[in-house]
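First up is the structure itself, then whatever we jot down about it.
As the structure lists them, so they are numbered: ligands from 1, and atoms in each ligand from 1.
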Amino acid sequence: MLLEVLNPATEEVVATVPAATAEDVDAAVRRAAEAQRGWAALAPGDRARLLRRFAGVVDAHLEELALLEVREAGHPVGSARWEAGNVRDLLDYAAGGVERLTGRQIPVAGGLDVTFHEPLGVVGVIVPWNFPMPVAAWGFAPALAAGNAVLLKPAETTPLTALRLAELALAAGLPEGLLQALPGTGPEAGNALVEHPGVAKIVFTGSTGVGKRIMAKCAERVKRVTLELGGKSANIVFADADVERAAATAPGSFLDNTGQDCCARSRILVQRPVYDRFMELLEPAVRSVVVGDPADPATGMGPLISAAHRERVRSYVPESAPAAIRGEAPDGKGFWYPATVLEGSAADRVAREEVFGPVAVVIPFEDEDEAVRIANATDYGLSGSLWTRDVSRALRVSRAVAAGNLSVNSHSSVRYWTPFGGFKQSGLGRELGPDAVAAFAEVKNVFVAVE
Ligand code: NAD
């Protein structure tokens with residue numbers, strides 16, 4: 001079977017890639033296990049040096065990687081450059097983690113008690129199409145640093161950067177088989193990784209539905225699993241906030257990556273006294289986002305990933321309900337969809353489910369309690385923002401909203417050196433941050449009796 005990779009901005013075929021079968025996965029696991037033994041036996045300093053060299057090779061190919069992302073995922077080139085740079089930075093940071101992965105010495109009678117971090121073995125990293133490069137590196141960089149081999153399963157629509165990154169790992173001198181890309185379908189290649197007894201851990205980023213099924217399969221084998229799943233994050237604007245800045249930055253928080261962002265703040269909660277003012281300011285801010293050719297550096301928003309996904313997004317915006325704000329989108333070829341802002345209530349389907357497109361719903365609220373109640377009225381809990389000048393409120397609300405990543409007076413969610421992950425059905429476990437490498441190791445306790 002061949003996977004056809006389309007440019008979402010033009011619908012042209014960019015490449016066809018053979019899909020890995022369960023037999024291919026089995027052979028890859030064996031190659032990876034072999035490579036992992038040698039890799040884990042290297043002196044930590046040598047492992048770190050090779051990862052830094054890999055970061056250097058990625059750095060030398062940033063533009064090439066970014067342009068691949070533009071062509072296969074339709075990301076604006078400015079974002080794609082950031083994504084390629086994120087891979088380099090993660091490798092560099094994970095290389096530092098090799099030397100920081102220290103054990104402990106615990107006081108005991110009659111001897112010495114110490115802990116070690118043992119690599120898990122072969123790790124499967126299953127990646128979605130929305131941020132193919134960074135999400136892959138969030139898994140493979142710390143996993144390699146901890147002494148594991150990695151099998152990378154990119155999404156069906158976006159396999160090209162994964163294939164190129166695996167080639168660059170070889171060019172940097174990483175052992176053959178240590179980082180392999182296995183493009184293929186979820187039910188075949190992805191499932192084969194999940195079921196394979198030679199794969200010790202699955203890092204899955206994708207939809208909550210598939211994540212639940214993978215977790216159930218991992219449970220049968222007590223296989224380690226990290227899940228980074230969907231989101232329906234709130235952007236809460238209190239009346240005492242800098243409403244101008246909150247409105248000016250709101251479009252970026254739900255239109256970046258055409259809304260195909262697990263951290264998208266697609267529910268905008270606005271306190272009643274500033275509701276009308278916020279809407280007045282939001283309209284020109286949404287319209288100022290340049291939609292068009294992803295290869296043009298001026299572009300702020302590209303197309304959706306596929307025709308099927310566009311139909312799904314469209315199903316959340318009923319023809320009968322006029323949008324409060326509707327942006328422009330190119331006609332003709334490409335999976336374009338305009339920025340859309342609806343006014344509604346927390347009970348609406350569009351306010352409860354992850355749309356994963358450039359669609360936000362604005363909901364008024366009376367007071368802090370109601371804002372927190374609406375923000376938490378979802379099965380998800382990934383990220384969110386709140387805008388206020390009151391420090392006490394900022395801390396109170398940050399603690400009360402059940403989400404893994406919150407920003408006060410900003411929309412930032414992801415820094416590779418801070419932990420990232422979801423509450424509730426947005427996921428399980430944390431990636432990135434100071435503990436990322438340790439998440440790919442088992443702690444072993446050793447007691448040495450002293451005569
Ligand atoms: P998806 O769940 O359809 O697919 C994700 C990956 O899983 C793909 O590689 C797919 O081939 C594979 N897969 C599908 N079925 C499988 C199976 N049965 N066994 C093993 N693998 C299987 O998700 P998607 O549509 O590619 O991505 C969008 C979703 O990802 C959204 O819900 C988004 O919120 C989420 N996401 C979450 C984060 C996060 O960090 N929390 C980051 C990015 C995306």
Measure the distance from [atom] to every protein heavy atom, then report the residue, atom name and distance (to 0.1 Å) of the closest one.
atom                    : answer
atom 20 (C) of ligand 1 : G190 C, 3.3 Å
atom 38 (C) of ligand 1 : C262 SG, 3.1 Å
atom 12 (C) of ligand 1 : I126 CG2, 3.6 Å
atom 15 (N) of ligand 1 : V210 CG1, 3.5 Å
atom 11 (O) of ligand 1 : K153 NZ, 2.7 Å
atom 27 (O) of ligand 1 : P128 CB, 3.2 Å
atom 17 (C) of ligand 1 : G186 O, 3.6 Å

Is the shortest distance from atom 9 (O) of ligand 1 to a protein heavy atom below 4.0 Å?
yes
Within the 6.0 Å centroid threshold, strictly below: F420 and W138
yes
Between [Y] and [X], does any NZ, NE, NH1 or NH2 come within less than 4.0 Å of an OD or OE carboxylate oxygen?
X    : Y    : value
K232 : E353 : no
E370 : R373 : no
E431 : R415 : no
E283 : R287 : yes

Any idea which atoms of ligand 1 are less than 4.0 Å away from a heavy-atom of [X]?
X    : value
E156 : 10 (C), 11 (O)
N191 : 19 (N), 20 (C)
T205 : 5 (C), 36 (N), 37 (C), 38 (C), 39 (C), 40 (O), 42 (C), 43 (C), 44 (C)
N130 : 43 (C), 44 (C)
F356 : 28 (C), 31 (C), 33 (C), 34 (O)

Quick check against the 3.5 Å criterion: does E72 have a side-chain atom that pairs as donor or acceptor with the backbone of E69?
no
Please state which part of F131 comes within less than 4.0 Å of ligand 1, counting heavy atoms only: side chain, backbone, both or neither.
neither
Under-4.0 Å heavy-atom contact with ligand 1, by part of L229 that carries it:
backbone
Any heavy-atom pair between the side chains of L151 and F140 that's under 4.5 Å?
no
With sequence neighbours excluded, tell me which residues meet side-chain hydrogen bond (donor to acceptor under 3.5 Å, both in side chains) with H196.
D26
Charged tip of R310 within 45° of Y316 ring normal and under 6.0 Å
no
Can a cation-pi geometry be assigned to R314 and Y337, taking NZ or CZ under 6.0 Å from the six-membered ring centre and within 45° of the ring axis?
no
Among V270, N235, V408, which one satisfies side chain to side chain contact (heavy atoms under 4.5 Å, CB included) with W387?
N235
Taking the non-hydrogen atoms of [X], is any one of them nearer than 4.0 angstrom to ligand 1?
X    : result
P154 : yes
E354 : yes
W129 : yes

Among G206, P183, S207, G124, whose heavy atom sits nearest atom 2 (O) of ligand 1?
S207
Using a 3.5 Å cut-off on N or O atoms only, is V135 in polar contact with ligand 1?
no
With respect to T208, determine whether any N or O atom, backbone or side chain, lies less than 3.5 Å from an N or O atom of ligand 1.
no
Applying side chain to side chain donor-acceptor pair (under 3.5 Å), run through E442 and H117 and close with a yes or a no.
CA-CA 6 Å; E442 292 283 13; H117 286 92; over 6 Å; no
